[in-house]
Amino acid sequence: MDIERTLKRIRNRESPIVVLGTGYVGLTTAVLFANTNFNVTAIDVKKDIVEAINHGLCPIKETGLEDLLKLNVNAGRLKATLNATEALRMAEVIIICVQTPINKNKKPELRILTKAIDTAGKNLNAGMTIILSSTVPPRTTQGIIRPRLESLSKLKAEDGFCLAYVPERIATGNAIKEFIESPRLIGGVGPNSLKVSAELYRTVCKNVIETDATTAEVAKLAENTFRDVNIAFANELALLSEKLSVDIAEVIKLSNTHPRVNIHQPGAGVGGPCIPKDPHLLIYKAKDLGFNSKIILASRHINEQMPLHVVELVINSLRSTGRDIKKSKICVLGTAYKGGVADSRLTPSEEVIKRIMKLGIEIAVYDPHCKETFGAKAAESLLDALREADCVVIMTDHPEFKKMDLSKLKGVMNKNPIIVDGRRIINPTEAEKFNFTYIGIGYGKKEIA
Ligand code: SAJ
């Protein structure tokens, strides 16, 4: 492989790029490489997504992405297709951005990835650069993907083609800025791959950090596992605060005044396509290597229990206000996994909604961003959801829920209404001023001084 020629073609934006997978990461990647003057083809298996992109429409909600997508489609730098083979024939760079979920046994489900690797491998020509951006268990790039590509293409990595693992860190709502400005890890399978893939990402990213593929895989998983463990600590502290009759919100605010303390936020659970799964990817196969996780799995367990704790708070609050559970009505606010997004993947709301329905309690669900209600009655509006409800359960910290007018809620809910605040976004004093029974995660009833 002529590395200098490859580098030159990248610098001149002459290398056609194919992005496999147009989900959240893939689409942001395709748009931003097109926006730096590469010719980019995005491949997906869904016709409606391909058609939307080619009409300048963005299939995902992300601030500023649709404008950039339209600009680059109209400029002829970006297009989408279902036909991978044709697009790959001309490609010099393939960036793989397919999802890598876990199955119900918490094991990685890599079939979608393997299919994408096989597509790339069967169309891999000498001189190509393959980038894996999907989150994978440690040693996947070197141990599974590299040999698979070499056997399918009859070429050797480093010599016939370059291969690198380049993890994504963007967070919804800030994707473009973070893609460009957040330090970018580049994990090459060898020096040639590292040099070429670092040069490729320097055309878009301001701060490129070079390492090897396996270190980059572990670093990416460690970032999200760090977050999961820290959220679990906040959740366990919240459960303790309820017993100690202190308010976790105040505890965290005060503890975090220490310059080197950053306790995260407790809540109704941890959802999304990444945080609940990445800790399992990180320790996957670790058992085979004689390693048994303690903190990582214990943290996952704590976070997975939080939705059950919310249901317990709901049931106890109905009982303690003298209600017949079977004759009560509950309103659940939020099915998206976090505030401001429409995505309900692995959302804690699912467990809460299904358990309430299983108890035979009437339930209405409302989310201004996400249409999913897991079989429960979908309310058309906030007030419609709250009408004649005995208890409102806040599961997602959407901005709309943070500024709810409690006097309006009081006006439509049943008398002696209850708020169960799963995201601690309502001020307890304010709620009690309107005679709500306020129950919050970690809100230990303070003893009268
Ligand atoms: N959550 C809490 N308490 C907190 C923070 C979050 O309960 O203090 C909950 C949220 O409500 C949500 C879940 O955790 O249900 C995940 O929230 P998140 O903000 O971590 O959301 P993600 O999954 O969209 O983004 C994470 C980010 N990783 C890190 O912040 C280390 C993002 O940078 C990654 O790109 C993304 O995972 C990913 O794709 O890996």
Side-chain angles (χ1 to χ4, degrees), residues 21 23-29 60-62 97-102 133-136 166-179 181-185 216-217 219-239 248-249 252-253 255-256 261-282 299-300 302-307 309-310 333-352 367 369-370 394-399 401-402 421-425 440-442:
Y24 186 71
V25 170
L27 204 51
T28 307
T29 302
I60 56 167
K61 266 171 78 176
E62 179 54 45
C97 303
V98 296
Q99 52 181 330
T100 51
I102 50 174
S133 201
S134 308
T135 304
V136 290
V166 181
E168 197 38 77
R169 290 173 157 168
I170 52 179
T172 37
N174 204 18
I176 294 173
K177 185 170 184 297
E178 289 197 353
F179 193 104
E181 296 183 9
S182 181
R184 171 73 52 169
L185 303 188
E217 288 167 339
K220 164 64 188 177
L221 293 168
E223 291 164 5
N224 283 351
T225 303
F226 168 86
R227 192 159 174 80
D228 195 51
V229 169
N230 279 276
I231 295 168
F233 174 66
N235 284 332
E236 182 151 278
L237 210 51
L239 298 175
I248 184 67
I252 290 174
K253 196 170 77 183
S255 298
N256 284 354
V261 171
N262 170 29
I263 301 173
H264 289 27
Q265 290 307 310
V270 173
C274 314
I275 305 294
K277 89 172 155 74
D278 289 0
H280 291 294
L281 295 187
L282 178 59
S299 300
R300 273 283 72 230
I302 291 167
N303 291 336
E304 285 165 358
Q305 290 300 307
M306 293 312 286
H309 182 61
V310 169
L333 295 184
T335 52
Y337 77 85
K338 73 174 184 179
V341 303
D343 191 341
S344 61
R345 282 179 287 180
L346 298 178
T347 179
S349 306
E350 179 172 3
E351 180 84 42
V352 169
D367 186 311
H369 298 266
C370 179
I394 300 169
M395 286 300 294
T396 308
D397 51 338
H398 284 316
F401 298 155
K402 290 180 179 171
D421 189 355
R423 294 293 171 194
R424 297 305 310 273
I425 57 174
I441 294 277

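Whatever order the structure lists them in is the order used to number ligands and atoms, beginning at 1. The figures here come from the full heavy-atom set of this structure, side chains too, leaving out hydrogens, waters and symmetry mates.
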Full working for side-chain contact (heavy atoms from CB on, under 4.5 Å) between Asn256 and Lys253: CA-CA 5 Å; Asn256 284 354; Lys253 196 170 77 183; over 6 Å; no
Heavy-atom neighbours of Glu236 CD exceed 12 at 6.0 Å: no
Pro307: side-chain contact (heavy atoms from CB on, under 4.5 Å) partners, not counting sequence neighbours: Pro348, Glu351, Val352
Qualifying residues under ring-ring contact (aromatic ring centres under 6.0 Å, His included), relative to His369, sequence neighbours excluded: His398
Sorted by chain and number, the residues that approach ligand 1 to under 4.0 Å with a heavy atom: Arg169, Ile170, Lys220, Glu223, Asn224, Arg227, Ile231, His264, Gln265, Gly269, Val270, Gly271, Cys274, Ile275, Tyr337, Lys338, Arg423
Any pair counted as side chain to side chain donor-acceptor pair (under 3.5 Å), so long as it reaches residues 264-279, sequence neighbours left out: Thr100-Lys277, Asn224-Asp278
Candidate pair Asn303 and Ile231, rule side-chain contact (heavy atoms from CB on, under 4.5 Å), full reasoning: CA-CA 8 Å; Asn303 291 336; Ile231 295 168; 3.9 Å; yes
